[in-house]
Every structure is written in structure tokens, then in C-alpha cells.
Amino acid sequence: MKVDRSKRLISKLKINSPVTEQFKLIRKGIEFAGIDNDYRVILVTSPEAKSGKSTISANIAITYAQKGLATLLIDADMRKPTVHQTFLKSNLKGLSTALVGETTLLDSIQITDIENLSVMSSGPIPPNPNKLLGSKKMAKVLDDLKKQYQIIIIDTPPIRFVSDALELAPYTDGVIIVNKSGVTKKEDMFQVLEQLRMSRSPVIGAILNNDKEKIEHQYYYSKKENY
Ligand SMILES: Nc1ncnc2c1ncn2[C@@H]1O[C@H](COP(=O)(O)OP(=O)(O)OP(=O)(O)O)[C@@H](O)[C@H]1O
Ligand SMILES: [Mg+2]
């Protein structure tokens, strides 16, 4: 049976549900962490697969949109893209077609039913995602998008298996690392932090995602100093 990813969005929950509140806390954490640096282009990644990156990036994007900021969620996971499924959109055009010049930026973006939130799905899966994501064209696309959107959240593949997120991270203002409770090993987290440091990509913080505990305890935000 096909899973309906759109059900995982906080916009489907009651306005003050505990999960919505946890995502607002994450947004506030990012804002506090960004007092000295303005975090407008935020990359979400994790050491391993299935940690909740896509769920978390979509919901963080929604909290910014609900605050009234013009927000764009980009699916830079060209290996296992999900943004188009989550927002029930087509994936014929998107980041890959914009990067190879097949579509204009405007044509590559789709509005959602959530006010202030647009999405750029991955587009058809290219043979060389890491090359595209690390290209000068990618940096230019982000610069152009920054003129139109106040916040850009980027969903990416896991960092330990493919280089895509590491290629892209230096073009962003900061990285959020999603750790899966009971799964992510401390040494893997340290390795990811080191890789990001070497690529000169600022780490904003980490989220510990626990899909086993009661829903109100699921999301925690901590600054990188805790690691
Ligand atoms: N806190 C949570 N509580 C319950 N289920 C969760 C939670 N976080 C994620 N999930 C579920 O875990 C699965 C994986 O989540 P998601 O697709 O967001 O992970 P991902 O890190 O993007 O995976 P991938 O590495 O494949 O891109 C999904 O079915 C999602 O609904
Ligand atoms: Mg994902």
C-alpha cells in the first residue's frame, strides 16, 4: 500500500498540537542560533538513511511559512525524492531541470495549499546528482532564489553514503543534522561534523528524532556545542 506522506505535515494537525509546538521550538532554536548569522538557506541532512530528514525539513518549512515568511522547500535528494509526494505535486520539473537549463526557475517551482510555502521538487532523477549539486549553477540558483524567498529549506540524502549534501552545504548558510534516536552512533556524528568542518559549512544544530517514543517527546533541538 502506498503511504500517504501528506499526512505527516503539521498543517494537518490542530494549531497548538504538541508536535506543532515542537517544530516551532526548532524554528526558534534556529533563529536564536542565527542571531549573529542570518540563516536563510538551511540544509537538512543526517548521517544515515531514514532518520526523518524529509519529514522534518517539510515541517520546519511549514513553521516558517505559518510565521508569514516567503518560504521555499527544495528537494535536493535526487536519489530518493519525496517532496512531490508529500505535497501531492508532479515531479516532471524541478531542481534537476532548472540546473540543466531545461526549465526556468519560475517554471521549476510549485505553490502549495499552505500560504507562503512553495516547493521545488527534485525533478527527474539525473545520473550525476553530486555533480549537479556542487556546480556553480547550483550556487547561482540559490542566489537567485534568495531574492524571491526569505527562507529556503533544503532536503538532502544521508551524508555518510553519498557526497551530495557535502557538495551543496558550502552554498548554504548552515546545516541541521538529524540524528535518529538509538540508531545514530556518536562516532558517525563526529565524522559528519568533521566532514562539514572540512567543507567549511557552518553547522546550526542537531535534532534528535525518536519515532518510538510518545509523540510529545519526539523532537528535541540542541545546539552544536552539545556534541
Ligand atoms: N518522529 C517520528 N515519528 C514517527 N514516524 C516518523 C518520525 N520521523 C520519521 N518518521 C517516519 O520514518 C520514515 C522515514 O522518514 P523520512 O522519509 O522523513 O526519513 P528520511 O531521513 O528523509 O529518509 P531517506 O533517508 O530515505 O530520505 C517515514 O515513514 C516517516 O513517516
Ligand atoms: Mg528523505
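Remember, it's 1-based here, ligands and their atoms both numbered in the order they're listed. Throughout, residue positions are numbered sequentially from 1 according to the sequence presented. The basis for the numbers below is simple: all heavy atoms, side chains too, and nothing from hydrogens, waters or symmetry mates.
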Mode of K80 contact toward ligand 1 - side chain, backbone, both, neither (heavy atoms, under 4.0 Å):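 For K80, the contact with ligand 1 is made by the side chain alone.
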
Location of contacts on R8 toward ligand 1, heavy atoms closer than 4.0 Å: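 Contact part for R8 vs ligand 1: side chain (C-beta onward).
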
If we ignore angles and hydrogens, is there a donor and acceptor under 3.5 Å between the side chains of [X] and [Y]?
X	Y	result
S163	N130	yes
T103	S108	yes
N91	S122	yes
S54	D155	yes
K24	T63	no
Q110	S118	no

Do any of the N, O or S atoms of S54 sit under 2.8 Å from the Mg ion (ligand 2)? yes

At less than 4.0 angstrom from any non-hydrogen atom of [X], what atoms of ligand 1 do you find?
X	value
T55	9 (C), 15 (O), 16 (P), 18 (O), 30 (C)
N209	1 (N), 2 (C), 7 (C), 8 (N), 9 (C)
R5	16 (P), 17 (O), 18 (O)
A49	25 (O)
S54	18 (O), 20 (P), 22 (O)
N210	1 (N)
D77	27 (O)

Does any N or O of ligand 1 fall below 3.5 Å from an N or O anywhere on [X], backbone included?
X	value
P158	no
K50	yes
S51	yes

Run the salt-bridge test on D144 and K137 with the 4.0 Å N-O cut-off and return the result as yes or no.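 Salt bridge between D144 and K137, a charged N being under 4.0 Å from a carboxylate O: no.
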
Does K67 come within less than 4.0 Å of E31, counting only side-chain N to carboxylate O?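 Yes, K67 and E31 are salt-bridged.
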
Keeping the roles fixed (side chain from N59, backbone from R8), state whether a donor-acceptor pair exists under 3.5 Å.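 The answer is yes, because a donor-acceptor pair under 3.5 Å joins these two groups.
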
Shortest non-hydrogen pair, I10 vs F23, comes out as CG2-CD1, 3.7 Å

Going by heavy atoms, is [X] under 4.0 Å from ligand 1?
X	value
K180	no
T82	no
S46	no

